[in-house]
Amino acid sequence: MPMIDIYAAVGTFADTKKLATDAATLVKSVEQVPDIPMFRENTAAFVHEMPLTALSNVDGDGNYVRVQVLTNAGALDRQKQMTLVEKLTELIAEAANDSTLRTRTWVLLTEASPGGWGLWGHAQTNDELVAAARAEIGRLRAG
């Protein structure tokens with residue numbers, strides 16, 4: 001149930017709602033979790049638009065996009081990391097209608113420590129998240 005934060009200058013994207021939905025869908029797909037409400041309702045993206053003056057590299061350039069994906073520990077193996085970075089970079093360039101963003105998009109993959117994933121008012125461990133998913137799958141099959 002990743003959380004995705006996309007930071008860019010105001011006006012970079014024409015449709016931030018579509019970008020947020022597409023980013024959440026993409027990350028859920030690459031992570032390869034079951035298509036159950038627990039994961040659909042708790043995988044979300046946030047697009048943060050900032051003034052151009054709020055972004056800068058060492059040279060003073062501010063025309064970059066930063067994407068940070070927070071997952072539970074171990075959710076992405078090396079192949080999934082590589083795929084996710086490639087696909088998110090492509091998504092950003094397409095959403096901005098700017099192919100040059102492929103070289104100016106930074107993607108950071110971050111893992112929450114066990115017990116560091118708060119959901120439903122509880123600090124979940126990986127084992128607890130897996131148990132909750134299995135319980136939901138069981139309820140969906142029974143119902």
For [X] versus [Y], what's the shortest heavy-atom pair and its separation?
{"X": "Ala96", "Y": "Leu101", "answer": "CB-CD1, 3.4 Å"}
{"X": "Glu49", "Y": "Gly11", "answer": "OE2-N, 3.5 Å"}
{"X": "Asp5", "Y": "His48", "answer": "OD1-NE2, 2.6 Å"}
{"X": "Ala45", "Y": "Ala23", "answer": "CB-CB, 4.0 Å"}

Residues Lys80 and Glu31 bridged, charged N to O under 4.0 Å: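 Between Glu31 and Lys80 there is no salt bridge, as every charged N stays at least 4.0 Å from the carboxylate O atoms.
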
Just how far is it from atom [atom1] of [X] to atom [atom2] of [Y], taken to the nearest 0.5 Å?
{"X": "Ile4", "Y": "Thr25", "atom1": "CD1", "atom2": "OG1", "answer": "9.0 Å"}
{"X": "Thr12", "Y": "Ile92", "atom1": "OG1", "atom2": "CD1", "answer": "9.5 Å"}
{"X": "Asn63", "Y": "Leu52", "atom1": "CG", "atom2": "CG", "answer": "7.5 Å"}
{"X": "Thr89", "Y": "Glu94", "atom1": "OG1", "atom2": "CD", "answer": "11.0 Å"}

Compare all side-chain heavy atoms of [X] with those of [Y] and state whether any distance is below 4.5 angstrom.
{"X": "Leu91", "Y": "Lys87", "answer": "no"}
{"X": "Val27", "Y": "Leu84", "answer": "yes"}
{"X": "Phe13", "Y": "Val65", "answer": "yes"}
{"X": "Glu128", "Y": "His122", "answer": "yes"}
{"X": "Leu19", "Y": "Ile6", "answer": "yes"}

Within the supplied structure, the quantity of interest is the number of heavy atoms (other residues, nucleotides, ligands) at a distance under 6.0 Å from Met82 CE; does it exceed 12? no

Check whether more than 12 heavy atoms from other residues, nucleotides or ligands sit under 6.0 Å from atom CD of Glu86, and answer yes or no. no

Counting only pairs under 3.5 Å, give me each side-chain donor-acceptor contact of residues 129-143, with atom names and distances, residues two or more places apart or in other chains.
| residue | atom | partner | partner atom | Å |
| --- | --- | --- | --- | --- |
| Glu136 | OE2 | Met38 | N | 2.8 |

Return yes if some donor-acceptor pair links the side-chain N/O of Asn57 with the main-chain N/O of Asp59 below 3.5 Å, else return no.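 The answer is yes, because a donor-acceptor pair under 3.5 Å joins these two groups.
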
Taking Thr43 for the side chain and Phe39 for the main chain, is one N or O donor matched with an acceptor at less than 3.5 Å? yes

For Lys18, enumerate each residue passing the salt bridge (Lys or Arg N to Asp or Glu O under 4.0 Å) test, keeping only those at least two apart in sequence or located in another chain.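 Partners of Lys18 under the salt bridge (Lys or Arg N to Asp or Glu O under 4.0 Å) test: Asp22.
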
Name all residues meeting the salt bridge (Lys or Arg N to Asp or Glu O under 4.0 Å) criterion together with Arg40; count only those two or more places apart in sequence or in a different chain, and write none if there are none.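 By the salt bridge (Lys or Arg N to Asp or Glu O under 4.0 Å) rule, Arg40 matches Asp35.
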
Going by the rule side-chain hydrogen bond (donor to acceptor under 3.5 Å, both in side chains), which residues pair with Asp98 if we only count those two or more places apart in sequence or in a different chain?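 Only Thr100, Arg104 meet the side-chain hydrogen bond (donor to acceptor under 3.5 Å, both in side chains) criterion with Asp98.
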
Could you pull out every donor-acceptor pair under 3.5 Å between side chains of residues 106-119 and any protein atom, sequence neighbours left out?
| residue | atom | partner | partner atom | Å |
| --- | --- | --- | --- | --- |
| Thr110 | OG1 | Gln68 | NE2 | 2.9 |
| Glu111 | OE2 | Gly74 | N | 3.0 |

Can you sort out the partners of Ser56 under side chain to side chain contact (heavy atoms under 4.5 Å, CB included), two or more places apart, ordered by chain and number?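 Partners of Ser56 by the side chain to side chain contact (heavy atoms under 4.5 Å, CB included) criterion come out as none, since no residue qualifies.
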
Should Met3 and Val33 be regarded as members of a common hydrophobic cluster, given that ILVMFWY residues are connected when their side-chain heavy atoms come within less than 4.5 Å of each other, either directly or indirectly?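 The answer is yes; both residues are in one hydrophobic cluster.
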
